[in-house]
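Below is one structure, written out as structure tokens; comments come after it.
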There are 2 protein chains.
Amino acid sequence: MSNDDQNGIDYSMLQSRLGYKLRRAQLVYFDVFFEACAQEGITPGLFSILAIIYHNPGLTQSAVSTALDVDRSAMVAAIDKLESMEVVERRKSKNDRRSYALYLTEKGKEFTERLNRKVSTGEDRFDKFMKEGEREWLLDLLDRIIENRKGN
Amino acid sequence: MSNDDQNGIDYSMLQSRLGYKLRRAQLVYFDVFFEACAQEGITPGLFSILAIIYHNPGLTQSAVSTALDVDRSAMVAAIDKLESMEVVERRKSKNDRRSYALYLTEKGKEFTERLNRKVSTGEDRFDKFMKEGEREWLLDLLDRIIENRKGN
DNA sequence: GGTTAAATGTTTGACTATCCAACAATTTAA
DNA sequence: TTAAATTGTTGGATAGTCAAACATTTAACC
């Protein structure tokens, strides 16, 4: 068996590195996303925010940031942009005057659904390289990795 | 079945998004790498460069950049740093006076091998969440995804 | 009830990664 | 021999991430 690619480069040391392979594969799916949503003016990060708010209306910015595991300071510009696109709106929370409750506008709901369909069909392109049930298996394995990141 | 995590957040729309899961899983392995190599003053990107040169001594900067699918302008600072760490050296190419041939120093070889062992054992931590043969299966599936990024 | 501690959104700055366009020197192709 | 392509490099633009600080507001506590 060979560790060379078509250019004759030996990848031995990276061949079994899951970190490297995951990164490369993630970049492939990033391209898929970009190809599907570039004209919508959206990024993967913004899509994940929309996806969270879609199923969890009324969440605060901090709640969304912890749900997606990003710093809450990064939410400011993101929500600003989504608000300028008129797909998300900040509503003043009644019981906590520090925070906002985030909601999708009607336009935002349709936008998110359309985006989800486009990304979904974009990802489907890779199903042909997977055997029966492999996609579900991959999702499950990735979940196991993600959930066990902290403890030993 | 529930799409909620422990915080009661509904992840429905991201639950089956391979792009999202791959990103999260990749971040987990990035942490593994960082935990294993932070004190060595190295990043995942620099490690991948060392890994390529280790098995392919004499490559030019451009060859390494195409092997790793990064812009060749990004190699300059990277090789500068690796040279300052005295693990890589640029040698003037005889047949092409434009380019350098890259080699690991003796220190660089030991450094790369030690790094590889540390990353490898770091990744082993996640084997306990995998069934027999799942790791090899995952690597194979990721390869299929990566190799088929371009064509349809 | 009054003081202390914590949370929220925000701004700012630093840092990194990535990409693209240019450029001089050099090699290759026509 | 002239034109086109390649190599390393620089600089600028962009985006993502992170930490520290701040005012406002809420929660905890004795």
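Each chain gets a letter, A, B and so on, in the order the sequences are listed, and its residues count up from 1.
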Contact list please: residues 75-90 of chain B against DNA chain D, heavy atoms, distance less than 4.0 Å, in numerical order. B/Val76, B/Arg90
For the residue pair A/Ile42 and A/Leu50, establish whether any side-chain heavy-atom pair is separated by less than 4.5 Å. yes
Minimal non-hydrogen separation, A/Ala78 against A/Leu46, with atom names: CB-CD2, 3.7 Å
Heavy-atom check, side chain of A/Ile9 versus side chain of B/Leu59, under 4.5 Å: yes
Quick tally for nucleotides 12-19 of chain C: nucleotides whose base has a protein heavy atom under 4.0 Å get B, sugar-phosphate-only ones S, the rest -, giving -----SS-
Do B/Arg24 and A/Asp69 touch side chain to side chain, with heavy atoms closer than 4.5 Å? yes
With the criterion being N/O to N/O and under 3.5 Å, what pairs connect the protein with nucleotides 26-30 of chain C, and how long is each?
residue : atom : partner : partner atom : Å
C/dT27  : OP1  : B/Arg97 : N            : 3.0

List in chain and number order the residues that pass side chain to side chain contact (heavy atoms under 4.5 Å, CB included) with B/Asp71, two or more places apart in sequence or in another chain; answer none if no residue qualifies. B/Ser73
As a check of understanding: the bend across the helix from C/dG1-D/dC30 to C/dA30-D/dT1, end axes from five pairs, rounded to 10 degrees, works out to 30°
Output a table of donor-acceptor pairs, distance under 3.5 Å, between side-chain atoms of residues 133-141 of chain B and any protein atom two or more places apart or on a different chain; print 'none' if there are none.
residue  : atom : partner  : partner atom : Å
B/Glu134 : OE1  : A/Arg144 : NH1          : 2.9
B/Glu134 : OE1  : B/Lys131 : N            : 2.6
B/Glu134 : OE2  : A/Trp137 : NE1          : 3.0
B/Glu134 : OE2  : A/Arg144 : NH2          : 3.0
B/Arg135 : NH1  : A/Ser16  : O            : 3.3
B/Arg135 : NH2  : A/Ser16  : O            : 3.0
B/Arg135 : NH2  : B/Glu123 : OE1          : 2.9
B/Trp137 : NE1  : A/Glu134 : OE2          : 2.9
B/Asp140 : OD2  : B/Arg144 : NE           : 3.2
B/Asp140 : OD2  : B/Arg144 : NH2          : 2.9

Which residue pairs pass the ring pair (Phe, Tyr, Trp, His ring centres under 6.0 Å) test with at least one member in residues 54-113 of chain B, sequence neighbours excluded? none
Which residues share a side chain to side chain contact (heavy atoms under 4.5 Å, CB included) with B/Asp31, sequence neighbours left out: none
From CZ of A/Arg72 over to C1' of D/dT24, roughly how many Å is that when rounded to an integer? 13 Å
State whether B/Gln61 places a side-chain N or O below 4.0 Å from either non-bridging phosphate oxygen (OP1 or OP2) of D/dT6. no
Who pairs with A/Thr66 by side chain to side chain contact (heavy atoms under 4.5 Å, CB included), at least two apart in sequence or on another chain? none
Please report, rounded to the nearest Å, how far the P atom of C/dA25 is from the NZ atom of B/Lys92. 15 Å
Does a side-chain N or O of A/Ser99 approach OP1 or OP2 of C/dA7 to a distance below 4.0 Å, or not? no
Taking NZ, NE, NH1 and NH2 as the nitrogens, is one of them in A/Asp80 or A/Arg90 under 4.0 Å from a carboxylate oxygen of the other? yes
Going by ring pair (Phe, Tyr, Trp, His ring centres under 6.0 Å), name the pairs with one or both residues in residues 23-47 of chain A, residues two or more places apart or in two chains. A/Tyr29-A/Phe126, A/Phe33-A/Phe47
Sequence neighbours left out, what pairs pass salt bridge (Lys or Arg N to Asp or Glu O under 4.0 Å) with at least one residue falling in residues 40-61 of chain A? A/Glu40-A/Arg114, A/Glu40-A/Lys118
Residues forming a side chain to side chain contact (heavy atoms under 4.5 Å, CB included) with A/Ala25, sequence neighbours excluded: B/Leu22, B/Leu142, B/Ile145, B/Ile146
